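Below you'll find the structure, written out as structure tokens, and then a few comments.
Note that the coordinates shown come from a computational prediction; the quantities given were computed from them, not determined experimentally.
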Amino acid sequence: MKRISVDIGGTFTDCFFAWDGKYIESKSLTTHHNLSLGFNAALDNACKMAGLTREQVLKEVDSVRYATTLGTNALIEGKGPRVGAIVTHGFEDTIHLSRGKGYGEGLDVTEQGNMPNAQRPDPIVPRRMVRSVKERVDSVGEILVPLQKEDVRKQVRDLVDNGAQAIVVALTNATENPSHEQLVLETILEEYPAHELGAIPVILSSQVSGRKGEYVRANTTIIDAFLYEIMFHALGQLSSNLRDSGYSKPMLVIHNSGGMAQSNSTDSLQTIHSGPVSGVSASQHLSETTDIGNVVCMDMGGTSFDIGILPKGGVKHYDFQPVICRWLVTLPMIHLNTLGAGGGSIATYDRIHQAIKVGPESAGSDPGPACYDRGGLNPTVTDADLLLGYLDPENYANGVIKLNPKRSKFVIEDKLCDHLDLDVIEVAKVIKRSVDEQMAIGIEMELRKNGGNVDEFTMVAYGGNGPLHACGIAYHAGISKILFPPFASVFSALGAGNMKPLHIHERSGYIVLYEPIERKLFDEYERINEYIEELEIRGKEDLKRQGYDISGVKHRLEMDMRYGNQRVTTSVVLDINRFNHVGDVLRAIRTFSDVYAQRYGKGVEAPEAGVRVQTVRVATFIETDVVHFKELYTDHKRTTPPAKSMRKVHYVDEKEPIETPIYDESVLTAEYVIHGPAIVTTKSTTYLVEKNWRIEPTPQGAVWLLKDNVNAK
């Protein structure tokens with residue numbers, strides 16, 4: 001295996017380099033103005049450690065895979081083109097009316113509790129940029145009012161005259177019959193051919209989503225169009241950089257569905273949260289191949305803190321209508337809860353509550369925390385960690401970044417000390433405690449929402465700042481067992497390398513598996529099999545277009561099901577791909593009941609109310625080689641190694657600093673155990689072992705962090 005996988009985050013660009021059984025992890029600061037510069041720096045560092053040149057590696061490597069948060073950042077910052085929309089006549093206000101819950105979508109729990117003062121987000125497409133065409137397709141796809149091309153031309157010219165740089169086409173019932181949307185595209189291309197200067201991207205809702213729901217489908221297409229330009233240029237820039245260095249294969253992009261594809265088979269919206277999703281997928285693989293039971297994933301980087309839940313066996317939770325920023329979209333996406341809390345999160349004084357607030361604003365990589373000495377003027381979590389003694393100023397990020405404690409002290413004194421009437425160290429402790437509590441609350445809420453009990457979960461912590469804050473987070477969340485996986489600081493990049501080529505296609509389909517009034521089981525096998533086959537063909541065509549050998553293609557059938565008229569739908573993975581007789585129908589109903597009982601409690605199943613299918617979904621994929629994880633437990637007799645040095649370190653619950661032993665990464669082997677308080681500094685991260693905790697490394701480089709009265713197994 002020769003593979004490069006990269007996770008481009010808001011602060012750091014992480015690189016995982018696999019070369020014929022040799023694994024190397026590397027980091028560099030993200031260069032937002034040109035992502036390829038940060039990638040080159042991380043790759044050059046990895047090549048140097050492997051004794052190879054960048055050109056030699058890129059000529060021989062099997063694949064280069066990217067996960068990025070670029071799209072997420074563009075949405076947050078509101079940077080994008082002016083988008084125009086074409087809708088069915090009479091539906092001009094659907095986008096802006098959204099729905100009743102539109103006021104609260106994307107807000108935190110506290111803000112959702114104050115709905116009278118809540119406001120809808122500013123629309124990406126303002127009302128003046130919406131045009132309608134006279135056409136109508138009914139709910140089963142029959143054309144009631146034919147579309148006239150002259151009407152389309154008039155509306156398109158009007159949008160272009162008003163400055164539209166991208167056009168969204170979202171017509172009513174286009175999921176059942178997309179011919180009118182395709183006619184709009186054809187007309188626009190006649191007016192503005194793709195090969196000519198002045199051509200503008202056109203995104204059809206029927207191509208982006210196969211689900212019914214006019215508002216959410218239009219929303220999804222609008223965001224996809226809004227991100228199109230920035231993702232096109234950024235990914236094009238990365239691709240050109242690879243070609244200039246001798247890489248001739250297609251560049252691969254990680255999707256938030258848990259798969260990957262070539263950039264020409266990737267919608268912009270599929271890149272949202274692709275970096276954190278890679279970490280969840282790596283955790284899934286770890287859970288499936290080792291005996292660690294239920295897992296809560298914790299990815300703490302420089303900008304954000306991402307939480308994912310994996311019940312025993314590595315089953316991922318999906319959101320099929322997630323909220324991205326403040327907008328509801330229809331997109332199969334691995335479930336994540338993202339908090340604006342990371343090493344670069346800015347600490348500010350909240351005058352209303354007279355307390356410190358950490359995040360969601362971040363210093364990012366430019367200028368970065370004040371201690372980076374790059375012009376940062378705001379105190380961050382990293383500044384607090386440095387002053388408390390957790391970080392080595394001369395050996396941060398393998399010595400690439402030299403930290404300046406004087407800058408950290410200055411900004412904390414200047415911005416926070418007077419407000420709290422505390423000295424610098426006490427304020428730094430408040431920042432550390434606040435961010436740990438904030439992340440612990442996020443974990444507890446996520447577990448409760450998914451029916452999990454904290455005592456039954458192992459916390460898998462990764463990301464550059466995960467090992468540094470894990471003890472504090474676990475203490476506040478009531479977790480006693482933490483695992484830092486192999487290559488923890490670049491674990492999401494490793495997960496990107498383990499992704500398989502995968503495409504998910506879905507369509508709305510009202511199917512009644514059991515009708516309670518007539519007590520009748522579904523028997524239209526040909527109809528449902530036509531739906532499934534159509535989706536399988538689309539998935540195969542996606543993979544074939546990218547040059548994959550489709551003889552190894554596999555399909556996974558999923559359905560969104562509900563009892564009777566319940567509003568709640570549950571996604572169910574079936575172990576069949578076709579319905580041929582009544583036994584298959586009963587098997588699907590039984591699988592749904594088992595999943596429903598597992599999620600909501602035994603005895604609450606209600607098949608007597610009827611069983612209905614809302615959506616049919618097919619995941620099409622090809623299995624590929626992955627980085628395998630080794631056994632996480634060992635019977636090695638352990639000893640405590642001698643410390644390399646000692647340092648005074650401040651702990652949140654201790655009044656005075658404690659003389660703390662400092663170790664380097666040579667102690668992270670299965671023969672040692674290290675009891676807290678202690679600090680282990682490696683090339684890519686720092687392990688903070690607080691009082692009453694211990695770390696027990698494993699043979700492959702994973703590290704257990706355990707309460708002193710809890711065994712690893």
Side-chain angles (χ1 to χ4, degrees), residues 99-101 105 137-141 170 172-178 205-206 208-220 257 316-323 328-335 504-517 520-536 538-539 555-579 584-600 604-619:
R99 57 181 195 154
K101 291 179 66 176
E105 284 166 347
V137 174
D138 69 12
S139 61
V140 294
T172 304
N173 292 321
T175 52
E176 299 306 305
N177 184 347
S205 71
S206 56
V208 174
S209 173
R211 279 175 173 250
K212 288 187 175 182
E214 308 310 322
Y215 163 68
V216 70
R217 179 162 47 86
N219 232 12
T220 304
S257 61
K316 292 175 287 192
H317 285 302
Y318 273 85
D319 283 330
F320 296 104
Q321 287 197 329
V323 175
L328 183 74
V329 299
T330 174
L331 169 87
M333 173 178 159
I334 292 177
H335 175 75
I504 295 178
H505 293 283
E506 58 183 4
R507 63 163 294 165
S508 295
Y510 186 72
I511 298 165
V512 180
L513 293 184
Y514 174 62
E515 169 54 58
I517 296 177
K520 180 183 177 183
L521 289 168
F522 179 78
D523 59 4
E524 298 177 50
Y525 309 131
E526 185 175 343
R527 176 163 73 96
I528 194 170
N529 288 339
E530 283 178 358
Y531 287 172
I532 297 168
E533 185 176 6
E534 172 198 335
L535 299 174
E536 288 180 349
R538 290 172 62 186
H555 303 285
R556 184 178 69 242
L557 176 62
E558 303 175 6
M559 292 183 175
D560 291 350
M561 303 171 70
R562 62 187 172 99
Y563 288 124
N565 291 320
Q566 279 188 355
R567 295 284 296 168
V568 175
T569 60
T570 303
S571 178
V572 179
V573 178
L574 302 178
D575 57 359
I576 56 175
N577 286 80
R578 293 291 187 275
F579 287 80
D584 293 331
V585 176
L586 291 172
R587 192 172 178 179
I589 293 173
R590 188 180 304 112
T591 303
F592 170 46
S593 295
D594 291 343
V595 172
Y596 194 90
Q598 183 180 4
R599 181 166 297 186
Y600 300 108
V604 299
E605 311 95 296
E608 66 278 1
V611 179
R612 301 181 182 181
V613 175
Q614 297 290 103
T615 307
V616 179
R617 183 181 308 107
V618 172

Nearest-0.5 Å distance that lies between atom [atom1] in [X] and atom [atom2] in [Y]:
X	Y	atom1	atom2	value
Phe579	Asp523	CZ	CG	12.5 Å
Asp594	Ile589	CG	CD1	12.0 Å
Gln614	Ser508	CD	OG	8.0 Å
Arg538	Glu506	CZ	CD	9.5 Å
Leu557	Leu574	CG	CG	5.0 Å

Do you know the tightest heavy-atom contact between [X] and [Y]?
X	Y	result
Leu328	Asn219	O-ND2, 3.0 Å
Leu513	Met561	CD1-CE, 3.4 Å
Val616	Leu535	O-CD1, 3.4 Å
Val585	Leu521	CG1-CD2, 4.2 Å
Ala174	Ser205	CB-OG, 4.2 Å
Pro516	Ala609	CG-O, 3.5 Å

Mind checking whether [X] and [Y] have side chains closer than 4.5 Å, heavy atoms only?
X	Y	result
Glu536	Asn577	yes
Glu533	Arg578	yes
Tyr531	Val613	no
Thr569	Gln321	no
Tyr514	Lys520	no
Thr172	Glu214	yes
Val216	Arg211	no

> Between the side chains of Ser209 and Arg217, is a donor N or O closer than 3.5 angstrom to an acceptor N or O?
Replying inline: no

> Will you find, in the side chains of Ser593 and Tyr563, an N or O donor that is under 3.5 Å from an N or O acceptor?
Replying inline: yes

> Out of Thr570, Ile511, Ile528, which one pairs with Met559 under the side-chain contact (heavy atoms from CB on, under 4.5 Å) rule?
Replying inline: Ile528

> Hey, mind stepping through Arg587 and Asp575 against side-chain contact (heavy atoms from CB on, under 4.5 Å) and telling me if it holds?
Replying inline: CA-CA 9 Å; Arg587 192 172 178 179; Asp575 57 359; 3.1 Å; yes

>> Could you walk me through whether Ile504 and Glu558 satisfy the side-chain contact (heavy atoms from CB on, under 4.5 Å) test, starting with their C-alpha distance in whole Å, then the side-chain angles of each, then the deciding distance to 0.1 Å, before giving a yes or no?
In response: CA-CA 10 Å; Ile504 295 178; Glu558 303 175 6; 5.8 Å; no

> When Glu534 is tested against each of Arg527, Arg617, Arg507 for salt bridge (Lys or Arg N to Asp or Glu O under 4.0 Å), which residue passes?
Replying inline: Arg507

>> Just to verify, what does Phe522 make a ring-ring contact (aromatic ring centres under 6.0 Å, His included) with, not counting sequence neighbours?
In response: none

> Does the pair Lys212 and Glu176 meet the rule for a side-chain contact (heavy atoms from CB on, under 4.5 Å), with working shown?
Replying inline: CA-CA 8 Å; Lys212 288 187 175 182; Glu176 299 306 305; 3.2 Å; yes

